[in-house]
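What follows is one structure encoded as structure tokens, with my remarks underneath.
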Amino acid sequence: EGCFLCATAASPLTAEAMREHLLLLSDSRGVLLLNRYPYTNGHLLVAPREHVGDLSDLTREQRHGLMDLADLSNRLLRASLNPQGVNLGMNLGRCAGAGVPGHAHLHAVPRWNGDVNFMDVVGSVRVIPQALERSYERMREALAGMG
């Protein structure tokens, strides 16, 4: 049914549409949004606007924009959730774990000592201590405060 990252990048920037897509930021560099199926609360996705499947297929400018947004996602997670660490990573190709293999994107996942790391993989259980809607509002507030 199409690429949800492309649909998010093309969505209007109204408060309602942004909330529907869990979109925190959309600009020329790409999009920053909450993952609808997070490993933990605050799990963000960072994607270029263009539907490109591999990091190597992005232009230099697109890669720089993606890294700018990755840096912003790191700062946003630290400001809004105060994690003890942050995982930043990409899964390129379906066998590497990419859920959207046609649209390269980066995951930004906040981490805490003693968190439940691989509960989903090992026990098919997700432990999310904060409602997705609350995480979205908290991140929007923190992003607005960052300027």
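Contact of the Leu24 side chain with the Leu44 side chain is registered, since non-hydrogen atoms from C-beta on lie closer than 4.5 Å. Counting only heavy atoms from C-beta outward, the side chains of Arg138 and Leu81 approach each other to under 4.5 Å. With contacts defined as side-chain heavy-atom distances shorter than 4.5 Å, the pair Arg134/Asn41 does not qualify.
Annotation: side chain to side chain donor-acceptor pair (under 3.5 Å) contacts of Glu50 (sequence neighbours excluded): Gln62.
When the shell of 6.0 Å around CD of Glu61 is examined, it contains 12 or fewer heavy atoms from other residues, nucleotides or ligands.
A donor-acceptor contact shorter than 3.5 Å links the side chain of His51 to the backbone of Gly102. Side chain of Arg111 to backbone of Pro83: no donor-acceptor contact under 3.5 angstrom is found. At distances below 3.5 Å, at least one donor-acceptor pair connects side-chain atoms of His103 with backbone N or O atoms of Pro48.
Rounded to the nearest 0.5 Å, atoms CD (Gln84) and CZ (Arg78) are 10.0 Å apart. The distance from atom CG of Leu22 to atom OG1 of Thr8, rounded to the nearest 0.5 Å, is 8.5 Å. To the nearest 0.5 Å, the span separating NE2 on His105 from CE on Met90 amounts to 7.5 Å. Taking CZ of Arg36 as the reference point, atom NE2 of His21 lies at 8.5 Å (rounded to 0.5 Å). With rounding to the nearest 0.5 angstrom, the CG atom of Leu23 is 11.0 Å from the CG atom of Leu45.
Across all their heavy atoms, Ser80 and Met139 have their closest contact at OG-SD, 3.5 Å. Of all heavy-atom pairs between Leu92 and Gly53, the closest is CD2-O, 4.2 Å.
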| Going through the checks in order, is the side-chain contact (heavy atoms from CB on, under 4.5 Å) test met by Leu55 and Arg63? | CA-CA 7 Å; Leu55 183 63; Arg63 286 192 306 272; 4.0 Å; yes

| Criterion side-chain contact (heavy atoms from CB on, under 4.5 Å) on Leu76 and Leu32, from CA distance to verdict | CA-CA 11 Å; Leu76 176 59; Leu32 175 60; 4.2 Å; yes

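Checked for salt-bridge contact, Glu137 and Arg19 meet the test: a charged N lies under 4.0 Å from a carboxylate O.
Side-chain contact, Arg49 with Ser26: a donor N or O sits under 3.5 Å from an acceptor N or O.
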Would you give me the side-chain donor-acceptor pairs under 3.5 Å for residues 65-73, sequence neighbours excluded?
from  : atom 1 : to    : atom 2 : distance (Å)
Asp71 : OD2    : Arg75 : NE     : 3.2
Ser73 : OG     : Ala70 : O      : 2.7

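Relative ring orientation between His43 and Tyr39 is described as parallel, the plane-to-plane angle staying below 30° on a 0-90° scale split at 30° and 60°.
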